[in-house]
Amino acid sequence: MTINRLLPQEFLSLIEPMLPAQLTLDDVITACHQPLRFSIRVNTLKNSVTTFCSLMSDFGWKFESIPWCDTGFWVELPQDATAPGKLPEHLTGLFYIQEASSMLPPMALFHGNDKPVVTVLDLAAAPGSKTTQIAALMNNKGTLVANEYSSSRIKALHSNLQRMGVSNTVISHFDGHVHGDYLENCFDAVLIDAPCSGEGTVRKDATAFKNWSLSHISEISIVQQGLLRSAFMALKPGGVLVYSTCALNFIENQQVCQSLMDQFGDQIEIVNLSNLFSDADRATTPEGYLHIWPQIYDSEGFFIAKFKKRSATNLSQPAPFKNRFPFSPVSPKQAGEIHNILIQQKLANINSSELYQRDNEIWYFPSHVTALLPRMKFQRTGLKLFETKGKNILFDHHAVTVFTTPDVEISREQLVEYLKGRDISFDNATNLTGNVYVGYQGKTVGLGKWIRNKIKNKLPRNLVNDSVKQ
Ligand code: SAM
């Protein structure tokens with residue numbers, strides 16, 4: 001029997017009466033004291049699973065498939081391995097370090113739907129593990145609204161979206177309680193990965209229970225109920241909603257879901273998740289939710305519930321919203337000129353209907369976003385393609401990583417130099433001149449400029465990273 005060093009007695013007394021018959025409290029305690037297996041998700045916006053696994057196998061990584069996510073793997077690293085977060089493959093977005101059970105909510109959102117999912121809201125998004133997974137599941141198409149309330153976490157969200165090459169996302173920065181009012185009946189799918197007590201994270205964070213108390217759980221469950229109601233309102237009729245937490249107790253999970261069911265009666269139904277993957281019934285609750293106790297799949301604890309909205313709601317009372325929107329669609333004449341520039345600079349797959357202008361900048365907006373613009377203020381809409389300065393056209397780093405293919409493929413050693421902000425030297429002088437898209441593994445990692453036998457580094461200064469290692 002494991003000696004309990006981490007879990008308060010009050011917590012154990014709370015969960016014990018509700019544990020399913022086949023699970024024991026001793027096993028919960030033992031599992032919570034085991035280290036967590038390291039896991040990653042391959043970013044299919046930048047490379048395929050096969051290419052990535054073959055690349056990293058050469059560096060001694062051993063992959064084991066995660067049964068519920070075809071792009072997720074537990075990875076056994078060699079003893080002397082570089083910390084994965086410092087690898088050039090991480091900094092260029094080929095993979096995301098993500099706990100296995102945290103891959104479940106997006107998989108549940110997209111599983112078995114009878115309608116296509118084109119517009120998605122992620123109501124509590126930072127730092128973006130699930131937003132970037134959803135964007136990959138959407139293949140960067142449609143519109144994904146990522147909301148985050150905390151100003152300090154918005155920055156991490158934005159930089160992860162850029163690193164992973166996401167281009168279909170707009171960011172809002174509000175308390176998620178307001179989205180139901182402003183964007184009622186708007187989305188095919190909504191995820192609310194709610195702020196919670198975090199009990200399920202104790203295997204990676206021994207301090208997870210430091211501020212744990214019943215009164216905190218009671219307070220946070222009120223927030224969760226409000227966010228879940230707002231998320232449900234934001235759904236179109238026929239749309240699907242996933243509620244998830246990394247809490248293990250029933251107050252934040254089953255009870256919050258029950259409050260939604262009680263409010264919306266005939267307008268809501270539970271989507272049973274027992275067939276989400278082959279072994280899912282081991283974690284399925286009598287209601288059809290997944291309650292992932294850490295010992296079931298040797299993972300973090302998680303809770304996932306899925307609902308469908310049967311009919312439209314009519315509850316919103318949005319305050320009048322005056323948006324001084326600084327962008328305007330480009331005129332047909334401008335669109336032609338811009339189209340020529342984009343072709344000349346080899347930026348592919350951009351329609352003129354997606355082009356917007358702000359002063360001397362040209363932006364790309366995800367399709368369908370224009371319907372949302374009059375209804376709510378967004379902190380960031382789409383991505384900047386380029387700006388003009390006199391006769392110069394300055395392309396944006398994020399845009400070239402999303403919309404171009406590389407002119408020059410560099411080695412892993414050269415990539416490390418590039419990410420450190422250094423120029424890349426070649427043995428032989430070339431007669432090439434001008435801008436060049438620098439690539440690794442077939443994806444553009446940024447801009448450079450040919451100068452004789454060198455590519456001058458044009459990585460934005462804020463992305464230069466001295467700690468990157470092979
Ligand atoms: N979904 C994220 C991911 O996978 O990377 C993790 C989300 S985390 C569990 C919950 C997030 O909700 C935190 O970033 C927190 O700042 C945010 N949050 C807290 N209160 C909120 C509110 N009222 N509205 C929206 N977001 C909120």
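Atoms within each ligand, like the ligands themselves, are counted from 1 in listed order. All heavy atoms count here, side chains included; hydrogens, waters and symmetry mates do not.
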### Message
Keeping Thr245 on the side-chain end and Ala247 on the backbone end, is there a donor-acceptor pair under 3.5 Å?
### Response
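Between the backbone of Ala247 and the side chain of Thr245 there is a qualifying donor-acceptor contact (under 3.5 Å).
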
### Message
On the six-membered ring of Phe264, is Arg229 placed so that its NZ or CZ lies under 6.0 angstrom from the centre and within 45° of the ring axis?
### Response
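Judged by the rule, Arg229 and Phe264 form no cation-pi pair.
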
### Query
Is the shortest side-chain N to carboxylate O distance from Asp298 to Arg37 below 4.0 Å?
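Answer for the salt bridge query: yes.
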
Tell me which donor-acceptor pairs under 3.5 Å the side chains of residues 57-70 have, and how far apart each pair is, sequence neighbours excluded?
unit_1	atom_1	unit_2	atom_2	d
Ser57	OG	Cys53	O	2.5
Trp68	NE1	Ala100	O	2.8

### Message
Taking side chain to side chain donor-acceptor pair (under 3.5 Å) as the cut-off, I'd like each qualifying pair that reaches into residues 121-134, sequence neighbours left out, listed once.
### Response
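The answer is Arg41-Thr132, Gln98-Gln133, Asp122-Thr131, Lys130-Asp193.
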
List the atom pairs, donor and acceptor, that lie under 3.5 Å between side-chain atoms in residues 10-21 and the rest of the protein, sequence neighbours left out.
unit_1	atom_1	unit_2	atom_2	d
Ser13	OG	Gln9	O	3.0
Ser13	OG	Gln9	NE2	3.3

Which pairs of nitrogen or oxygen atoms, taken one from ligand 1 and one from the protein, are under 3.5 angstrom apart?
unit_1	atom_1	unit_2	atom_2	d
ligand 1	1 (N)	Ala124	O	3.0
ligand 1	1 (N)	Asp193	OD2	2.8
ligand 1	4 (O)	Ser129	OG	2.6
ligand 1	4 (O)	Lys130	N	3.4
ligand 1	4 (O)	Lys130	NZ	2.8
ligand 1	5 (O)	Pro127	N	3.4
ligand 1	5 (O)	Gly128	N	3.0
ligand 1	5 (O)	Ser129	N	3.0
ligand 1	5 (O)	Ser129	OG	3.1
ligand 1	14 (O)	Ala126	O	3.3
ligand 1	14 (O)	Glu148	OE1	2.8
ligand 1	14 (O)	Glu148	OE2	3.2
ligand 1	14 (O)	Arg153	NE	2.6
ligand 1	14 (O)	Arg153	NH2	3.1
ligand 1	16 (O)	Glu148	OE2	2.6
ligand 1	23 (N)	Asp175	OD1	2.9
ligand 1	24 (N)	Gly176	N	2.8

